[in-house]
Number of protein chains: 2
Amino acid sequence: MATIKDVAQKAGVTVTTVSRVLNNRGYLSKDTRDKVFQAMEELNYKPNAIARSLYAKKSGIIGLILPALRHPFFAELAGFIEQYANLHAYKLLVCDSNHDALREKEFVDLLKSNQIDALIMASHTLDVREFAGLDYPIVTFDRIIDGLSYVCSDNYRGGVLAAERLIHVGCEHVAHICGNLQLDLLSNDRTKAFLDVMDKHGINPIIVQTQTDVFDYKHYDNMIYPLLKDHPHLNGIFATSDLLAAHVLRACYEMNIKVPGDLRVIGYDDVSLSELLVPQLTTIHQPIQEMAEMAVILATQAQEADRFQQAHVFPVHMIQRYTC
Amino acid sequence: MATIKDVAQKAGVTVTTVSRVLNNRGYLSKDTRDKVFQAMEELNYKPNAIARSLYAKKSGIIGLILPALRHPFFAELAGFIEQYANLHAYKLLVCDSNHDALREKEFVDLLKSNQIDALIMASHTLDVREFAGLDYPIVTFDRIIDGLSYVCSDNYRGGVLAAERLIHVGCEHVAHICGNLQLDLLSNDRTKAFLDVMDKHGINPIIVQTQTDVFDYKHYDNMIYPLLKDHPHLNGIFATSDLLAAHVLRACYEMNIKVPGDLRVIGYDDVSLSELLVPQLTTIHQPIQEMAEMAVILATQAQEADRFQQAHVFPVHMIQRYTC
DNA sequence: CCTCGTATGTCAAACGGTTGACATACGAGG
DNA sequence: CCTCGTATGTCAACCGTTTGACATACGAGG
């Protein structure tokens with residue numbers, strides 16, 4: 001690998017001059033500049049970002065911890081985050097915790113060790129204490145942790161929209177499928193809202209939760225088939241993710257339950273999967289792209305001045321397709 | 001941020017001793033070791049990976065360039081790659097080129113600058129020349145580039161399996177939907193195989209290609225609906241990805257074409273999406289997890305000795321579900 | 001001729017950690 | 001008492017780049 005010294009030698013100048021060209025500071029003649037650039041070209045020189053980081057105490061890297069890259073929501077989110085990180089000249093180090101608290105903790109250490117400039121946490125099992133003494137800005141997704149800024153969709157509103165829609169179309173026997181409520185997530189507000197509205201209408205939904213530690217799609221089926229089997233009169237389901245809703249639709253097809261005829265289904269997220277399903281999924285849209293953008297902005301633009309907690313709750317709306 | 005000096009001071013030893021503890025070399029008493037560990041604990045000290053990298057000339061980072069993180073195949077692939085990278089104590093820097101050759105080039109430079117230890121390329125627009133003078137091992141997915149090792153599935157075999165299956169069930173009016181054939185990808189062998197087999201049976205499939213520069217799912221529909229509309233007698237389709245096949249299924253549903261009754265559909269990849277579709281997709285399984293593992297192994301275990309090109313072609317098989 | 005602005009060079013410290021060479025100190029075993 | 005193994009310290013170079021302090025050299029303008 002060519003170093004700045006090689007470039008200096010080739011261009012017949014000193015490293016200081018090369019550095020000046022590189023960083024465009026001090027007096028420089030066009031002639032020298034050209035010579036240096038040519039030398040860099042010939043040697044295919046790229047400044048060593050590691051060395052620069054060491055001096056600058058900035059790595060230009062954003063860490064992203066998420067529970068499962070293969071989950072369509074997080075894949076889309078990560079894609080957008082990468083895009084915006086790039087736009088702000090940051091690189092993205094992606095860590096897939098697989099919903100494992102221990103790995104999450106290890107990642108936090110790992111990322112600290114790697115001098116990341118900011119951390120975006122979209123994985124949720126960690127205890128608050130783990131963040132003590134971390135010296136970079138942290139943005140969380142869908143979770144409130146004491147002093148940290150966070151980004152989420154208006155979960156409560158989303159739950160209300162879903163509930164009202166089901167009621168509006170006349171569902172009386174409804175179920176709700178959600179992630180584990182013991183995890184201290186803002187997305188639990190969807191459930192809360194859903195129950196609040198249902199309660200107001202004298203309806204008492206069946207609630208099915210995923211397990212905390214399981215993130216296996218087979219597990220979804222193990223919840224959904226019994227639910228449908230044991231409650232043949234069910235006519236409305238609100239699932240807290242499009243992925244869950246997709247499992248419901250598939251189960252319905254196989255159990256010969258007509259959607260939306262026999263059963264109405266509403267999802268949450270509006271990932272591109274939802275448009276692909278048969279029938280296309282009615283869902284609550286959360287603006288993933290804007291949320292990703294905000295997360296990156298919060299992560300990178302955090303001034304010392306505004307290191308206090310900022311909440312960014314994004315509006316949701318219902319996308320009415322063909323399942324409800 | 002605490003440095004090794006702070007730890008040394010707190011533990012009442014020299015930095016050399018701390019470094020010895022850190023790297024477990026030289027003579028060390030249990031007493032000193034404990035003192036040092038305690039000091040590290042108290043200061044929440046994590047060794048600066050940047051400084052270590054600078055000295056070691058190894059960053060412990062694998063770069064991954066892919067065309068679209070939001071594409072289910074690449075999301076799954078990236079997830080597995082992250083997992084195996086982690087297993088080998090590597091971090092993963094993810095770059096989403098969005099199918100843009102220019103960005104890919106920029107990423108290659110960026111990653112070089114960041115002293116990555118290896119590069120896994122699952123994005124395909126780059127010219128061979130771009131790789132000249134890169135000093136880390138490179139593994140490509142589904143593409144042959146002169147001296148580089150690559151990983152792919154047995155694309156030709158996959159194409160044969162799909163074709164034979166369609167013929168076996170009596171399809172005579174078949175179409176094939178694939179990525180752009182101008183891109184020099186090994187997955188084009190699927191098309192070649194498909195046509196070879198069809199030709200042998202005197203069938204001349206309709207071929208529809210995606211555009212090179214477009215990676216927009218709306219574009220898929222713009223290909224698929226006209227295809228189905230213009231060819232009402234079509235009774236078999238082989239799509240080169242499950243995602244494409246999903247679009248086909250959805251279009252069929254909306255155009256009231258029965259699958260598999262009126263039309264048989266076979267996909268490729270066997271991503272988890274394929275199990276979620278209605279009806280569940282018959283597809284060609286490629287072992288994504290094993291391929292990811294191999295890519296990481298090739299990337300990290302590349303000895304100077306075996307820097308020559310290695311081909312790793314993984315077997316495929318058909319997963320017979322309900323669309324064919 | 002003096003001065004100033006421009007252009008470059010020289011030198012060294014700093015970023016945080018690693019490593020090798022070498023010194024020192026202590027206790028145990030012969 | 002000498003030696004050896006153990007345990008630690010001292011010191012400095014090194015990784016590649018940046019930066020500041022300071023020197024030097026040249027040509028133009030007054």
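A note on names: the letters A, B, ... follow the listed sequences, proteins ahead of strands, and every chain is numbered from 1. Values below: all heavy atoms of this structure, side chains included; hydrogens, waters and symmetry mates excluded.
In this structure, CZ on B:Arg103 lies 11.0 Å from CG on B:Leu110, to the nearest 0.5 angstrom. Here the CD1-CE distance, from B:Ile81 to B:Met291, works out to 9.5 Å after rounding to the nearest 0.5 Å. Going from atom CG of A:Asp142 over to atom OG of A:Ser153 covers 6.0 Å, rounded to the nearest 0.5 Å. Atom CD1 in B:Ile61 sits 9.0 Å away from atom CG in B:Leu111 (nearest 0.5 Å).
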Derivation and outcome, side-chain contact (heavy atoms from CB on, under 4.5 Å), residues A:Val151 and A:Glu293: CA-CA 10 Å; A:Val151 170; A:Glu293 183 178 14; over 6 Å; no
Please walk me through it: do B:Tyr136 and B:Ile116 pass side-chain contact (heavy atoms from CB on, under 4.5 Å)? CA-CA 7 Å; B:Tyr136 41 76; B:Ile116 56 167; 3.8 Å; yes
Verify salt bridge (Lys or Arg N to Asp or Glu O under 4.0 Å) between B:Asp34 and B:Lys30, making sure each step is shown before the conclusion. CA-CA 6 Å; B:Asp34 290 348; B:Lys30 185 172 182 323; 2.8 Å; yes
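Atom NZ of B:Lys57 and atom P of C:dT19 are 14 Å apart (whole Å). In this structure, B:Asn48 places its CG atom 12 Å from P of C:dC15, rounding to the nearest Å. Protein atom CG of A:Asn24 is 13 Å distant from nucleotide atom P of C:dT8, rounded to whole Å. Per the geometry, OH belonging to A:Tyr55 stands 19 Å off P belonging to D:dC15, to the nearest Å. With rounding to whole Å, B:Leu22 atom CG is found 10 Å from C:dT19 atom P. Atom NZ in B:Lys58 sits roughly 22 Å away from atom P in C:dG16 (whole-Å rounding). Per the geometry, CE belonging to B:Met1 stands 9 Å off P belonging to C:dG16, to the nearest Å.
Under a cut-off of 6.0 angstrom, the local environment of CD in A:Gln83 is crowded, with over 12 non-hydrogen atoms contributed by other residues, nucleotides or ligands.
At a threshold of 4.5 Å between non-hydrogen side-chain atoms, the residues A:Tyr90 and A:Val296 do not count as touching.
Phosphate proximity of C:dT6 to A:Tyr27: present, with a side-chain N or O under 4.0 Å from OP1 or OP2. Between B:Arg52 and C:dT18, a side-chain N or O to OP1/OP2 separation shorter than 4.0 Å is present. Taking 4.0 angstrom as the limit, A:Ser29 places none of its side-chain polar atoms (N or O) nearer than this to OP1 or OP2 of C:dT6. Taking 4.0 angstrom as the limit, B:Lys30 places none of its side-chain polar atoms (N or O) nearer than this to OP1 or OP2 of D:dA7. Residue A:Asn23 has a polar side-chain atom (N or O) positioned under 4.0 Å from OP1 or OP2 of D:dT18.
Nearest nucleotide to the side chain of B:Leu54, out of C:dG16, C:dT8, D:dT17: C:dG16. Among the nucleotides C:dG20, C:dT18, C:dT8, the one closest to the side chain of B:Arg25 is C:dG20.
Residues A:Lys46 and B:Asp31 each lie close to DNA chain D; by heavy-atom proximity, the contact nearer the 5' end of the strand is made by B:Asp31.
Taking a 4.0 Å limit (strictly below) on heavy-atom distances, residues 5-21 of chain A reaches DNA chain D at A:Thr16, A:Ser19.
Counting only Watson-Crick and G-U wobble pairs whose two distances sit under 3.5 Å, DNA chain C takes part in these stems of three or more pairs: C:1-30 with D:1-30.
Using the six-membered ring where Trp is involved, B:His71 and B:Phe73 have ring planes that are perpendicular, over 60° apart on the 30 and 60° scheme.
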